[in-house]
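Remember, predicted model here, so these are calculated numbers, not experimental data. Index from 1, following the sequence.
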Amino acid sequence: QVQLVESGGGLVQAGGSLRLSCAASGGTFSRYSMGWFRQAPGKEREIVAYIAWIGDSTYYTDSVKGRFTISRDNAKNTVYLQMNSLKAEDTAVYYCARRASSGSRYSLDSYDYWGQGTQVTVSS
């Protein structure tokens, strides 16, 4: 059984930084692309960043480009999200997820396992 466990969330002032971690167990982590999503109160869950399993190609939603960096350490079965220059609008619950299919990277339906989420709150 695959499990994804996020950590690293918290309360930070605007302009600050946080690094989220997502530790995976079960399955073959290195063979799967991974995504970070977020969901703010009253809003739909949206993709924030994505890293492919091969070649480590990455994608970022426009609002975080230049501020967030996704990376992975296959030896540790962990994917990271470094978040710098945080803004109040980054406040959300952040989830990591494993991409299961060749469907759109933007679609939640393309991901088969999800973590429980970690709260990020940015005070202005």
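Between the side chain of Ser110 and the main chain of Ser104, a donor-acceptor pair closer than 3.5 Å is present. A donor-acceptor contact shorter than 3.5 Å is absent between the side chain of Gln39 and the backbone of Ala92. For the pair Arg67 (side chain) and Ser85 (backbone), a donor-acceptor distance under 3.5 Å is present. Panel note: side chain Tyr111, backbone Arg105; a donor-acceptor pair is recorded below 3.5 Å. A donor-acceptor pair is defined here as one N or O able to donate and one able to accept, closer than 3.5 Å; no such pair exists between the side chain of Gln116 and the backbone of Val5.
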Could you walk me through whether Trp36 and Glu6 pass the side chain to side chain contact (heavy atoms under 4.5 Å, CB included) check? CA-CA 10 Å; Trp36 281 100; Glu6 301 100 337; 3.9 Å; yes
Take Tyr59 and Ile47 through the test side chain to side chain contact (heavy atoms under 4.5 Å, CB included) and record every step on the way to the result. CA-CA 9 Å; Tyr59 159 84; Ile47 189 166; 4.0 Å; yes
Are Val12 and Thr121 close enough, and set up right, to give a side chain to side chain contact (heavy atoms under 4.5 Å, CB included), and what steps lead you there? CA-CA 6 Å; Val12 64; Thr121 303; over 6 Å; no
Please determine whether side chain to side chain contact (heavy atoms under 4.5 Å, CB included) holds for the pair Val122 and Gln13, giving the CA-CA distance in whole Å, both sets of side-chain angles, and the decisive distance to 0.1 Å. CA-CA 5 Å; Val122 184; Gln13 289 188 332; over 6 Å; no
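Follow the hydrophobic side-chain contacts under 4.5 Å out from Tyr113 and you reach Leu81 in the same cluster. Taking hydrophobic clusters as Ile, Leu, Val, Met, Phe, Trp and Tyr residues chained together by side-chain heavy-atom distances below 4.5 Å, Tyr60 shares a cluster with Met83. Under the 4.5 Å side-chain heavy-atom criterion for Ile, Leu, Val, Met, Phe, Trp and Tyr, Ile51 and Leu18 are members of the same hydrophobic cluster. No single ILVMFWY cluster, assembled from side-chain heavy atoms under 4.5 Å apart, contains both Val120 and Leu11.
Between atom CG of residue Asp109 and atom CZ of residue Arg99 there is a gap of 12.5 Å, rounded to the nearest 0.5 Å. Cys22 SG to Tyr95 OH: the interatomic distance, rounded to the nearest 0.5 Å, is 13.0 Å.
The stretch residues 73-83 participates, sequence neighbours left out, in these side chain to side chain donor-acceptor pair (under 3.5 Å) pairs: Arg72-Asn74, Gln82-Asn84. The side chain to side chain donor-acceptor pair (under 3.5 Å) pairs that include a residue from residues 18-33 are Ser33-Tyr50, where partners are two or more places apart or lie in different chains.
Taking 4.5 Å as the limit, some side-chain heavy atom of Val79 sits within range of a side-chain heavy atom of Ile70.
For the residue pair Glu89 / Thr91, no side-chain donor-acceptor distance below 3.5 Å is found, with atom types taken as modelled.
Remark: Asp90 engages Arg38 in a salt bridge, criterion side-chain N to carboxylate O under 4.0 Å. Of the charged side-chain nitrogens involved, at least one lies within less than 4.0 Å of a carboxylate oxygen, so that Lys65 and Asp62 count as a salt-bridged pair.
Of all non-hydrogen atoms in Ala88 and Ser124, the two that sit nearest each other are CB-CB, 4.2 Å. Heavy-atom minimum distance, Phe29 versus Ala24: CD1-CB, 3.6 Å. Heavy atoms only, all atoms of each residue included: Leu20 and Tyr94 are closest at CD1-CB, 3.6 Å.
Alongside Trp53, the hydrophobic cluster contains Ile54 (criterion: ILVMFWY side chains under 4.5 Å).
Between Trp114 and Phe37, the ring center distance clears the sub-6.0 Å criterion.
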